[in-house]
Amino acid sequence: MTEANTHLEIDASLCGEIVVLGEGTAQVELRTDPRMAADERGLVHGGFVFGAADYAAMLAVNDPNVVLGAAKVMFTAPVRVGERVLVRASVRAQKGRKHEADVEAHVGTTRVFNGTFSCFVLDNHVLDGK
């Protein structure tokens, strides 16, 4: 397995645990828990699923200075507290600093999320400014 070079301080309990990491590809498993509930019925807030998808996309690019520029996503089924979400990301195109990553998330065989993430590799950390 490739070593992670980005997002090294991520809290895996909130964004997912790395399952597979390879050249241009990553898989992350998000174990949902009650902190992620949006309501009393146990619906997981979509922001947690998006966060895991973003993390997987960043890992697929795997550069210390990668940032998310844009995302076009769709939530296709609900996630319930206690479910495990497997997120797969793969870089499908690269042009200069821009990387396009396709991301899908599943609970079992049910797709719950998919999208395209536009990621950019900067010369320096985004907080360093220009």
(request) Mind listing the closest non-hydrogen atom pair of Ala77 and Thr110 along with its distance? (result) CB-CG2, 3.9 Å

(request) Only pairs at least two apart or in different chains count here, so list each salt bridge (Lys or Arg N to Asp or Glu O under 4.0 Å) that has a residue in residues 105-123. (result) Arg97-Asp123, Glu104-Arg111

(message) Please check: side-chain N/O of Asn5 versus main-chain N/O of Asp63, any donor-acceptor pairing under 3.5 Å?
(response) no

(request) Scan residues 4-26 for pairs that pass ring-ring contact (aromatic ring centres under 6.0 Å, His included), counting only residues two or more places apart or in two chains. (result) none

(message) Can you give me the closest heavy-atom contact between Val44 and Arg80, atom names plus distance?
(response) CG2-C, 3.6 Å

(request) Return the minimal non-hydrogen interatomic distance between Leu21 and Ala26, and the atom names on each side. (result) CD1-CB, 3.9 Å

Listing, residues 112-122 side-chain donor-acceptor contacts under 3.5 Å, not counting sequence neighbours, or none:
from   : atom 1 : to     : atom 2 : distance (Å)
Thr116 : OG1    : Asp102 : OD1    : 3.4
Ser118 : OG     : Glu100 : OE1    : 3.4
Ser118 : OG     : Glu100 : OE2    : 2.8

(message) Taking ring-ring contact (aromatic ring centres under 6.0 Å, His included) as the cut-off, I'd like each qualifying pair that reaches into residues 79-111, sequence neighbours left out, listed once.
(response) none

(request) Please identify each residue that fulfils side chain to side chain donor-acceptor pair (under 3.5 Å) with Arg84, with sequence neighbours left out. (result) none

(request) Find out whether Leu43 and Arg41 are in side-chain contact, i.e. whether some heavy atom of one side chain is under 4.5 Å from a heavy atom of the other. (result) no

(message) With a 4.5 Å cut-off on side-chain heavy-atom distances among I, L, V, M, F, W and Y, is there a chain of contacts connecting Ile10 to Met1?
(response) yes

(request) Any chance you could pull the hydrophobic cluster mates of Leu86, using side-chain heavy atoms under 4.5 angstrom and chaining through other members? (result) Val19, Val20

(request) Write down the atom of Val85, the atom of Ala105, and the distance for their closest heavy-atom approach. (result) CG1-CB, 3.8 Å

Which side-chain N or O atoms in residues 45-57 pair as donor and acceptor under 3.5 Å with protein atoms at least two apart or in another chain?
from  : atom 1 : to    : atom 2 : distance (Å)
His45 : ND1    : Gly47 : N      : 2.8

(message) My understanding is that only residues two or more places apart in sequence, or in another chain, count here; which of them pass side chain to side chain donor-acceptor pair (under 3.5 Å) with Glu83?
(response) none

(request) May I ask whether Val67 and Val91 are part of the same hydrophobic cluster, defined by side-chain heavy atoms of I, L, V, M, F, W, Y residues being less than 4.5 angstrom apart, directly or through others? (result) no

(message) Is there a side-chain contact between Asp128 and Val126 in this structure, where contact means two heavy atoms from C-beta onward sitting under 4.5 Å apart?
(response) no

(request) Answer whether the closest heavy-atom distance between the side chains of Met36 and Leu30 falls below 4.5 Å. (result) yes

(request) With sequence neighbours excluded, tell me which residues meet side chain to side chain donor-acceptor pair (under 3.5 Å) with Asp11. (result) Ser13

(message) Can you list everything that forms a side chain to side chain donor-acceptor pair (under 3.5 Å) with Asp33? Sequence neighbours excluded, please.
(response) Arg35

(request) May I have all residue pairs that pass side-chain hydrogen bond (donor to acceptor under 3.5 Å, both in side chains) and include part of residues 19-31, sequence neighbours excluded? (result) Glu29-Arg31

(message) Strictly by ring-ring contact (aromatic ring centres under 6.0 Å, His included), give each pair with a member in residues 11-32 just once, sequence neighbours left out.
(response) none

(request) Can you see which heavy atom on Leu59 is nearest to which on Ala4, and at what distance? (result) CD2-CB, 4.0 Å

